[in-house]
Number of protein chains: 2
Amino acid sequence: MATSRQVAQLAGVSRATVSRVLNGSPRISAEARDRVHAAMKALGYEPDVVAQNLARQRSYMIALGLYHEGEELAISTLSRTENYYYLDMIKYIDRGVAAAGYDLFLPSLAQNKAPENYIRSLRARRIAGTIMLALDLADVRIQALLQSAIPTVFIDTRGQGEHATYVDSNHMDGARQVTEHLLSLGHRRIAIVTGPLTDPASTERLLGFQQTLAHAGIALDPGLLCLTGWNTDEAYRATRTFLEQRHDFTAIIAGSDMMALGILRALHERGLRVPQDVSLTGFDDLAISQYIVPSLTTVKADRETMSKGAVQRLMALVEGEDAVPPLIVPSQLIIRESTGPAPSPSMQEK
Amino acid sequence: MATSRQVAQLAGVSRATVSRVLNGSPRISAEARDRVHAAMKALGYEPDVVAQNLARQRSYMIALGLYHEGEELAISTLSRTENYYYLDMIKYIDRGVAAAGYDLFLPSLAQNKAPENYIRSLRARRIAGTIMLALDLADVRIQALLQSAIPTVFIDTRGQGEHATYVDSNHMDGARQVTEHLLSLGHRRIAIVTGPLTDPASTERLLGFQQTLAHAGIALDPGLLCLTGWNTDEAYRATRTFLEQRHDFTAIIAGSDMMALGILRALHERGLRVPQDVSLTGFDDLAISQYIVPSLTTVKADRETMSKGAVQRLMALVEGEDAVPPLIVPSQLIIRESTGPAPSPSMQEK
DNA sequence: CTGAAAGCGCTTACAG
DNA sequence: CTGAAAGCGCTTACAG
């Protein structure tokens, strides 16, 4: 590996000049610039990122955290079905961050063992900022992050602070759309199988559901509310238990597409057909949702817009802007095979 | 952020001593150690990783590359359905790497624009080693990596070199198991819908399939071989086209679970039921495969063993061992709902 | 526009 | 066992 010293020598300039050329300083003569560029080419010079980071006292790395209640803040959790939703987001985040000249860093488990060191370890790496996915605002590490001066954008959690803002989808409106869709198909007894209400996304959706029902003159039956975890397996198990107690509904709104997959199986095992016997909807619109049989009616979260918005906001925070406003992205209902008219022996049409 | 200088001052020792304590040097007095530890606690000291990396001329970061033909070597590709298979692997890799005191680094797109700089940029970061998933050995960057002294473990691609080894699953035996399973169910006309034969995994499986058929006295009908891409959508489209030409088979072996999902939809749209009309099998055993309806018979790749083996081998390479032997992990057939007896109007039982 | 010098916060032979 | 000093490869006021 060639060093800036060698480049300087070959170009017949000082290392300071090499550095200036490298960093696109304006006060440099065209001639010096050309000589340095030629020398860099000749030597195959690539600046030492580690040394740059030390000298500049900052790095061009963005930490990416992933979090679900009780879980670690690590990429490991990506393999959990409840996190498939984040895969595209990571794609767009990676691209956005790369375009801005940053790299993604994934803090691993080792650092999470001592929560009180979380911030310190980010600092020790001169992390420029962090993007946090799906987390629990009450977590001590998150609180520490909010207190710190580290620029942060939260996705799917509404964390705000002097150096923090968020990006989220409009859960309430999504719930409204899907509820109206089911109502228009004649469904009156609609069950909800969703994630814990400690998660604001669940609560907002529940609210949208409730309001829409109320508009239609229908009271929410608390016995049709089934709370469970966000992943496929938990939804599957919860639905099995739920079906043993109740089956006087004609539709289920699942908290996510991956949950819907588990619910679909539970219904299947019970001999209930979708959508002939029960209509089923999800949230998210994952890649697989259009392929499963039946394909899934769902509320699409515009993850591309959210991710790009997150990167753009993070860069603003990194540049020193404060009071960066949050972004709420619209949700969109996508109708597929899993929803159909309410079966006739159900409630009468209005 | 406290520095080692402040720690030294508070403890009444030199910075060299602080450094020695930090790195667990044996030649240090218990008394000095205690004083330094106390000072570190008092100041909330966390060593500056960037400075350590520069001084040591190495970092404790492992680069993780992901690659499919024509694609970038980036985490972005994780969102493609053909890469869901790698999600658990990343989990185990992250954990293994963290346990060894390393962090994961995801080289992003920006660096890939200039392929000739790929190695340099890894070097410039003092990357300790790399783990490469699913890639094309012929790629120029991979060739450069093999030439370089950077320790590398390939997963699912058999790259070897002085500083490189690989971990793979036993594709041929997996193909044998699934073929025997279908034969035992009375299937005689079996179609294969798989990824391109430029990928050795496909070729090995085809070989296993072919050999097993031959053992049973059956010749491979080339018209029952359908080559396409690894993702869900490509498999779906290819199967649709395929079904317009042929439907004189009673079973399909898909190249992966995600491909099977697309094939399932194509069959569904054609009015063919699984497994009553056509049996269907996958490869991989993804989390969703047990939930989709019908649940999928598949060949499980033991991703936990593969990943752990990869980390262990990478650490050996990083420690300077050479000629680290590769690891081939056994495959295991998992029988679920998507396979059943060949329908009666098919070939006669033997 | 350009260079000499100090500094970023560690580590590590070299002496003792 | 411990310290003084040099070094890792850059960047950046400070002069000129």
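Letters A, B, ... are given to chains in the order of the sequence lines, protein chains preceding strands, and every chain is numbered from 1. Any value given below was found using the heavy atoms of this structure, including those in side chains, with hydrogens, waters and symmetry copies removed.
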Verify the neighbour count for atom CD of B:Q9: are there more than 12 heavy atoms of other residues, nucleotides or ligands below 6.0 Å? no

Do other residues, nucleotides or ligands put more than 12 heavy atoms under 6.0 Å from the CD atom of B:Q57? yes

Where DNA chain D forms runs of at least three Watson-Crick or G-U pairs (i with j, i+1 with j-1, under 3.5 Å), the stems are C:1-3 with D:14-16, C:5-12 with D:5-12, C:14-16 with D:1-3

Sorted by chain and residue number, the ring-ring contact (aromatic ring centres under 6.0 Å, His included) partners of B:Y85 (sequence neighbours excluded) come out as none

Any salt bridge between A:D48 and B:R126, counting N to O under 4.0 Å? yes

Donor-acceptor contact present, side-chain B:D94 to main-chain B:I90, <3.5 Å: no

Quickly work out the B:Q9 CD to C:dG9 P distance and round it to whole Å. 14 Å

Would you mind reading off the distance between A:L22 atom CG and D:dT11 atom C1', rounded to a whole angstrom? 10 Å

Residues within residues 48-57 of chain A bordering DNA chain C, heavy-atom distance below 4.0 Å: A:L54, A:A55, A:Q57

Using the C1' atoms only, state how far C:dT12 lies from C:dG16, rounded to an integer number of Å. 16 Å

Rounded to the nearest 0.5 Å, the CD atom of B:Q52 sits from the CZ atom of A:R125 at a distance of 9.0 Å

Can you name the residues that form a ring-ring contact (aromatic ring centres under 6.0 Å, His included) with A:Y92, not counting sequence neighbours? none

Across all chains, not counting sequence neighbours, the ring-ring contact (aromatic ring centres under 6.0 Å, His included) partners of A:Y84 are B:Y84

If you take all heavy atoms of A:L137 and A:R158, which pair is closest and at what distance? CD1-O, 3.7 Å

Tabulate protein N/O versus nucleotide N/O from nucleotides 1-5 of chain C, keeping only pairs under 3.5 Å, one per line.
from, atom 1, to, atom 2, distance (Å)
C:dT2, OP1, A:S29, OG, 2.7
C:dT2, OP2, A:S29, N, 2.9
C:dT2, OP2, A:S29, OG, 3.3
C:dT2, O4, A:R27, NH1, 3.2
C:dG3, OP2, A:S14, N, 3.1
C:dG3, OP2, A:S14, OG, 3.0
C:dG3, OP2, A:T17, OG1, 2.6
C:dG3, N7, A:R20, NH1, 3.3
C:dG3, O6, A:R20, NH2, 2.5

Sugar-phosphate, base or nothing in reach of A:R58, heavy atoms under 4.0 Å: nothing

Report yes or no: is the cationic atom of A:R58 (NZ for Lys, CZ for Arg) under 6.0 Å from the centre of the six-membered ring of A:Y60, at an angle within 45° of the ring normal? yes

What is the distance, rounded to the nearest whole Å, between atom CG of A:N23 and atom P of D:dG9? 18 Å

Side chains of B:Y86 and B:D156 only: does a donor on one sit below 3.5 Å from an acceptor on the other? yes

